[in-house]
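Order of the sequence lines fixes the chain letters, A, B, ..., with proteins taken first and strands second; residue numbering starts at 1 for each chain. No hydrogens, no waters, no symmetry mates; every other heavy atom, side chains included, goes into these values. Note that the coordinates shown come from a computational prediction; the quantities given were computed from them, not determined experimentally.
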2 protein chains.
Amino acid sequence: MSEKTQTRDPELTRTRILDAAESHFVEQGFSAVKLSALARSADVTKSLIHHHFGSKEQLWEAVKNRAFERYYTGQMAMLEEAGEPDAMLLRHSVEAYFHFLRDNPGVVRLFAWTHLEGDSHCGELDNQLVGAGAEWVRQAQMRGLLRKDINPTHVIALFVMTCTQWFEAKCHHQHWPGMGSDEAFLEDFLTIFMAGVAPQN
Amino acid sequence: MSEKTQTRDPELTRTRILDAAESHFVEQGFSAVKLSALARSADVTKSLIHHHFGSKEQLWEAVKNRAFERYYTGQMAMLEEAGEPDAMLLRHSVEAYFHFLRDNPGVVRLFAWTHLEGDSHCGELDNQLVGAGAEWVRQAQMRGLLRKDINPTHVIALFVMTCTQWFEAKCHHQHWPGMGSDEAFLEDFLTIFMAGVAPQN
DNA sequence: GCCTCGATTGGCCGACCGGTCAATTGAGTG
DNA sequence: CACTCAATTGACCGGTCGGCCAATCGAGGC
């Protein structure tokens, strides 16, 4: 059978630690996390964490790497199933990205913590992603689907940043007077964005 | 003369501590800051910090309050000198906000740290700001200067969030292929944004 | 010239942090 | 079965964290 009842399972232990660590780091950032509490919530001894990951810093790196790899592959899959560049693709990409972030709040916070730390590594990870997106925009521009007088990379950056900030700073602006729901904001953003990038007559 | 050479100046001490604390907190966030290092860089004893501010947490609150008050009054001043709602006001507001953030990188990071902490207090501070901005958008909509089918608050939120995220996550996307300078991005954003909120024919 | 009271100092404390280590356990190997 | 080696444990360490306190200092009021 596949389920092992063995008392020792280093692989499972590793992921148990990683899972607990991710939730702690996502919630509190690097320096506020205490290894003792982390060990407790992973039902593991502190020494075991050091055995598997070396140090708190290395554990943090491991957590980030795993999360960003998940993010990266998820985005890559999205991008590949996108299909032919037509008028609606950009709209659908924005919607997909927005909903992806909504469903993965952890990754948004992880990104935010690393931004504040000045860690640019995770930013370099999605160079390909952005490059591919920008390339698509460029093609759409040539086909007359999008206006030509804007930097393709900026188009991608604009919607990525907007989606990110919406979820990252939600606690900040959710009390603003007149603020709508996730979907209402997305709809208005898409209205403005799509009209803004459309070819001018 | 105005310059006092007295050995004791509690007011100056307070601001020396606040200044040093702000730069530390901006750089490292709350929990990574060590009071001992902070005291050293403020040229002050640790005890003196406790004497004036009570605890690390209260000092953090004081730093945030001072910074956000500065932010708030700065924005209020900007808003009041804005003048009559004409076609260019929105564009100029975006430019002004963008450049304000560029020239005050500390406040961006301070906002970001508090977002991640889940502190919604500073978000409530600018309810009036956003309310006033949204009201202006509403008037512009009625005058036919802006399209009517979008939530005014979302218009404000969109450009605020974009400017914020641009500076907050700069380390993340500055290596993206094809990314332009501050001004180049602002120009493209304004192009898209202004075309997007313009009345549709 | 005291006297008062806040400003300021240095020394100190208990808690707890991340990390180490020697010892034990258990699963695989031959 | 014995041997090996990684997994796992619990006790422990040095460092330093935020915070406290008694003593000293200095400016201003009477």
Could you say whether A:K56 or B:D43 is positioned toward the 5' end of DNA chain C, judged by the nucleotide with the nearest heavy atom to each? B:D43
Verify the neighbour count for atom CD of A:Q200: are there more than 12 heavy atoms of other residues, nucleotides or ligands below 6.0 Å? yes
Aromatic ring centroids of A:F189 and A:F98 under 6.0 Å? no
Between A:W60 and A:F25, is the ring centre distance below 6.0 Å? yes
Report the distance from atom [atom1] of [X] to atom [atom2] of [N], rounded to the nearest whole Å.
X	N	atom1	atom2	answer
B:L35	D:dC20	CG	C1'	13 Å
B:E11	D:dA27	CD	P	17 Å
B:R14	C:dA7	CZ	P	9 Å
B:D9	D:dG26	CG	P	15 Å
B:R40	C:dG10	CZ	P	14 Å
B:I49	C:dT9	CD1	P	11 Å

Nearest to side-chain heavy atoms of [X], which nucleotide of [options]:
X	options	value
B:R8	C:dG6, C:dG19, D:dA7	C:dG6
B:H52	D:dT9, C:dA7, D:dA7	C:dA7
B:L48	D:dT9, C:dT25, C:dT8	C:dT8

Classify the ring geometry between A:F111 and A:F68 as parallel (under 30°), tilted (30 to 60°) or perpendicular (over 60°).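 The rings of A:F111 and A:F68 sit tilted, inter-plane angle from 30° to 60°.
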[N] phosphate, OP1 or OP2: any side-chain N/O from [X] under 4.0 angstrom?
X	N	value
A:H50	C:dC21	no
A:T45	D:dT9	yes
A:T13	D:dT8	yes
B:H51	C:dT8	no

Test: A:E117 and B:R109 ion pair at under 4.0 Å: no
Ion pair A:R147/B:D188, N-O distance below 4.0 Å: no
Tell me if a side-chain donor or acceptor on B:K56 pairs with a main-chain N or O of B:V33 at a distance below 3.5 Å.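 Yes: the side chain of B:K56 pairs with the backbone of B:V33.
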For nucleotides 12-16 of chain D, which of its nitrogen or oxygen atoms have a protein nitrogen or oxygen under 3.5 Å away, and what is each distance?
none

